[in-house]
**Q** 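I am attaching a structure below and will ask some questions about it afterwards.
Hydrogens, waters and symmetry mates are skipped; everything else that's a heavy atom, side chains included, is used. Throughout, residue positions are numbered sequentially from 1 according to the sequence presented.
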Amino acid sequence: MVIYVNPSKDQFERLMFETLKTKIDDFPCGKIEKQESPDFIIKEPDRTVGIEVTRVTNTNHAGPTPLTEIRGAQFKCLKIAKQILVEERVVPVEVKVKFRDDHARIDIKNAARELCNFILEKVDSIDDTKTWHYYESELKHISWISIHLDTAFGKKWLNEHRVQLIHMNYVNTNPHDIIQKAIDRKNAKLATYQKECDECWLIIGVNEITAPEAITILNNDDSTQYFSNFARTYFVRGVEGLVWLLNMAPSNTRNR
């Protein structure tokens with residue numbers, strides 16, 4: 001199973017599906033078809049099971065910009081920075097970056113340029129005996145930068161430039177409202193999904209530990225009750241390969 005960084009919608013859905021498939025003993029055995037509404041259909045001899053996948057994200061309480069948009073800008077910045085390094089330095093380096101504020105907008109091109117200027121200045125003064133950490137870069141958009149040359153004690157280990165995120169976030173350990181709202185959105189479409197299958201499961205998933213998806217459930221035996229009309233509802237934390245079967249009650253019993 002491949003773990004993706006910043007996965008596309010299709011990659012995310014497949015990762016959530018494959019994680020669930022490998023983690024539960026009674027996963028349906030049958031022909032698997034990828035489609036829409038629901039995202040997957042599994043055809044067994046005596047039944048058809050549909051599996052719908054949705055991603056959940058934290059709310060940006062620090063500003064109006066969605067955290068997914070901020071993360072997307074950060075990845076675009078790192079992609080541009082890598083291209084600049086390819087153009088301006090033949091010998092590769094590995095760079096890891098912590099943005100100054102994971103809840104604020106960045107100027108993508110300026111952040112990429114200032115990062116590359118910093119790297120190109122430092123690489124001429126470091127050696128290959130360790131990873132060099134600059135915990136305060138004094139750059140506008142980026143705080144912590146680590147750099148490692150393409151060799152380690154003279155031995156080549158890196159063949160191309162790498163520019164990656166350093167993941168550091170507070171993890172939301174009380175995501176009940178976020179998960180329930182995601183279930184409610186999918187409950188509204190359940191009748192459409194059920195036209196394609198005998199029973200339908202729902203996966204509520206996250207796949208990263210960056211700010212948008214820094215979400216987890218603390219206990220495997222979590223007794224928090226959710227409301228869902230899906231046959232089963234799972235929470236999947238793909239980055240760690242963890243699966244929780246959520247404690248469900250029918251939606252029409254809420255507030256009784």
Side-chain angles (χ1 to χ4, degrees), residues 4 6-24 26-60 64-69 71-72 172 174-208 210 212-217 222-239 241-256:
Y4 294 95
N6 195 32
S8 67
K9 180 177 181 294
D10 182 69
Q11 289 169 339
F12 174 82
E13 290 170 353
R14 289 185 181 277
L15 178 62
M16 296 297 104
F17 179 87
E18 292 295 332
T19 301
L20 182 65
K21 182 181 177 182
T22 60
K23 293 297 181 179
I24 65 171
D26 61 345
F27 192 88
C29 296
K31 181 181 179 181
I32 299 170
E33 296 179 2
K34 179 71 174 77
Q35 58 167 52
E36 294 292 333
S37 299
D39 295 307
F40 297 90
I41 289 289
I42 307 169
K43 294 183 177 179
E44 295 185 306
D46 59 344
R47 65 170 181 167
T48 299
V49 178
I51 298 182
E52 176 67 9
V53 180
T54 191
R55 186 196 305 255
V56 286
T57 58
N58 288 307
T59 300
N60 187 357
T65 306
L67 295 180
T68 49
E69 183 178 325
R71 177 180 59 188
N172 182 353
N174 186 27
H176 178 272
D177 290 346
I178 294 173
I179 292 174
Q180 186 60 62
K181 287 178 182 178
I183 294 171
D184 292 344
R185 289 194 298 270
K186 292 300 179 178
N187 263 336
K189 301 177 181 180
L190 180 56
T192 300
Y193 305 147
Q194 289 174 326
K195 293 177 182 178
E196 304 294 326
C197 54
D198 299 309
E199 65 178 78
C200 193
W201 300 2
L202 176 63
I203 296 176
I204 307 292
V206 297
N207 187 47
E208 298 191 44
T210 53
E213 294 180 55
I215 297 169
T216 194
I217 294 174
D222 180 50
S223 60
T224 302
Q225 188 170 72
Y226 297 87
F227 297 91
S228 172
N229 293 329
F230 286 83
R232 299 186 190 183
T233 302
Y234 290 94
F235 179 79
V236 175
R237 189 166 160 83
V239 71
L242 299 177
V243 171
W244 291 263
L245 175 62
L246 299 181
N247 178 27
M248 306 308 307
S251 294
N252 61 8
T253 64
R254 191 189 302 191
N255 298 326
R256 283 188 178 182

**Q** Side chain to side chain donor-acceptor pair (under 3.5 Å) with Q194: which residues, sequence neighbours excluded?
**A**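 In terms of side chain to side chain donor-acceptor pair (under 3.5 Å), with neighbours along the sequence ignored, Q194 is linked to no residue.
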**Q** Under the salt bridge (Lys or Arg N to Asp or Glu O under 4.0 Å) test, which residues partner K21, sequence neighbours left out?
**A**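 Expected list: none.
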**Q** Just to verify, what does R232 make a salt bridge (Lys or Arg N to Asp or Glu O under 4.0 Å) with, not counting sequence neighbours?
**A**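 In terms of salt bridge (Lys or Arg N to Asp or Glu O under 4.0 Å), with neighbours along the sequence ignored, R232 is linked to D26.
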**Q** Can you name the residues that form a side chain to side chain donor-acceptor pair (under 3.5 Å) with N187, not counting sequence neighbours?
**A**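 Listed in chain order: S251.
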**Q** Can you name the residues that form a ring pair (Phe, Tyr, Trp, His ring centres under 6.0 Å) with F17, not counting sequence neighbours?
**A**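 By the ring pair (Phe, Tyr, Trp, His ring centres under 6.0 Å) rule, F17 matches F27, F40.
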**Q** Using side-chain heavy atoms (C-beta onward) and a distance below 4.5 Å, is E69 in contact with P212?
**A**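 With C-beta onward as the side chain, the pair stays apart.
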**Q** E52: what forms a salt bridge (Lys or Arg N to Asp or Glu O under 4.0 Å) with it, not counting sequence neighbours?
**A**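 Scan of E52 (salt bridge (Lys or Arg N to Asp or Glu O under 4.0 Å), adjacent residues dropped) gives K186.
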**Q** Which pair of non-hydrogen atoms, one from M16 and one from G205, has the smallest distance, and what is that distance?
**A**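 Looking at all heavy atoms of both residues, the shortest contact is SD-CA, 3.6 Å.
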**Q** Test your reading of the model: is there a side-chain donor-acceptor pair from Q35 to the backbone of P38, 3.5 Å cut-off?
**A**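 Confirmed, Q35 side chain pairs with P38 backbone.
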**Q** Can you list the steps and then say if L246 with I217 is a side-chain contact (heavy atoms from CB on, under 4.5 Å)?
**A** CA-CA 10 Å; L246 299 181; I217 294 174; 3.8 Å; yes
**Q** With the side chain counted from C-beta on, respond yes when V239 and E208 share a heavy-atom pair under 4.5 Å apart, and no when they do not.
**A**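 When only atoms from C-beta onward are counted, E208 and V239 do not touch, as no gap falls below 4.5 Å.
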**Q** Under the side chain to side chain donor-acceptor pair (under 3.5 Å) rule, collect the residues that match up with D177, sequence neighbours excluded.
**A**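 Result, side chain to side chain donor-acceptor pair (under 3.5 Å) vs D177: none returned.
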**Q** T216 and F235: which non-hydrogen atoms are nearest, and at how many Å?
**A**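 Reported closest heavy-atom pair: CA-CE2, 4.2 Å.
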**Q** Could you check L190 against F230 for side-chain contact (heavy atoms from CB on, under 4.5 Å), going step by step and ending with a plain yes or no?
**A** CA-CA 7 Å; L190 180 56; F230 286 83; 3.5 Å; yes
**Q** Using a 3.5 Å distance criterion without hydrogens, assess whether the side chain of E213 forms a donor-acceptor pair with backbone atoms of N207.
**A**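 A pair under 3.5 Å: yes.
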**Q** Which distance, rounded to the nearest 0.5 Å, do you find between the CG of N229 and the CG of L202?
**A**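 So the gap between those two atoms works out to 11.0 Å.
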**Q** Between E199 and V49, is there a donor-acceptor pair closer than 3.5 Å when you use the side chain of the first and the backbone of the second?
**A**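 Looks like no, no N/O pair under 3.5 Å.
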**Q** Measuring from atom CD1 of I32 to atom NZ of K43, what distance do you get when rounded to the nearest 0.5 angstrom?
**A**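 The distance works out to 12.5 Å.
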**Q** Please list, chain by chain and in numerical order, all residues satisfying side chain to side chain donor-acceptor pair (under 3.5 Å) with K9, sequence neighbours excluded.
**A**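 Here the qualifying residues are E13.
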**Q** Output yes when a side-chain donor or acceptor of H176 lies under 3.5 Å from a complementary backbone atom of Y226, and no otherwise.
**A**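 Pair absent, no side-chain N/O of H176 close to backbone of Y226.
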**Q** Return yes when atom NZ of K34 has more than 12 non-hydrogen atoms of other residues, nucleotides or ligands closer than 6.0 Å, and no otherwise.
**A**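 Enclosed.
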**Q** Name all residues meeting the side-chain contact (heavy atoms from CB on, under 4.5 Å) criterion together with P45; count only those two or more places apart in sequence or in a different chain, and write none if there are none.
**A**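 Not a single residue meets the side-chain contact (heavy atoms from CB on, under 4.5 Å) criterion with P45.
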**Q** Mind checking what makes salt bridge (Lys or Arg N to Asp or Glu O under 4.0 Å) contact with D46, not counting sequence neighbours?
**A**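 Once residues adjacent in sequence are excluded, D46 has no partner under the salt bridge (Lys or Arg N to Asp or Glu O under 4.0 Å) criterion.
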**Q** Knowing that exactly one of T233, V243, V53 qualifies, which makes a side chain to side chain contact (heavy atoms under 4.5 Å, CB included) with I203?
**A**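 In the set T233, V243, V53, the residue that makes a side chain to side chain contact (heavy atoms under 4.5 Å, CB included) with I203 is V53.
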**Q** Roughly how far, to the nearest 0.5 Å, is the CG atom of L20 from the CH2 atom of W201?
**A**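 It comes to 6.5 Å.
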**Q** Between S37 and K195, is any pair of side-chain heavy atoms under 4.5 Å apart?
**A**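 Sidechains of K195 and S37: no contact.
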**Q** Can you name the side-chain contact (heavy atoms from CB on, under 4.5 Å) partners of A182, sequence neighbours left out?
**A**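 Only T54, V56, R185, I204 meet the side-chain contact (heavy atoms from CB on, under 4.5 Å) criterion with A182.
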**Q** For the pair D198 (side chain) and T48 (backbone), establish whether a donor and an acceptor sit closer than 3.5 Å, ignoring hydrogens and angles.
**A**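 The answer is yes, because a donor-acceptor pair under 3.5 Å joins these two groups.
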**Q** Identify the residue among T210, V206, I178 that makes a side chain to side chain contact (heavy atoms under 4.5 Å, CB included) with N58.
**A**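 The side chain to side chain contact (heavy atoms under 4.5 Å, CB included) with N58 is passed solely by I178 among T210, V206, I178.
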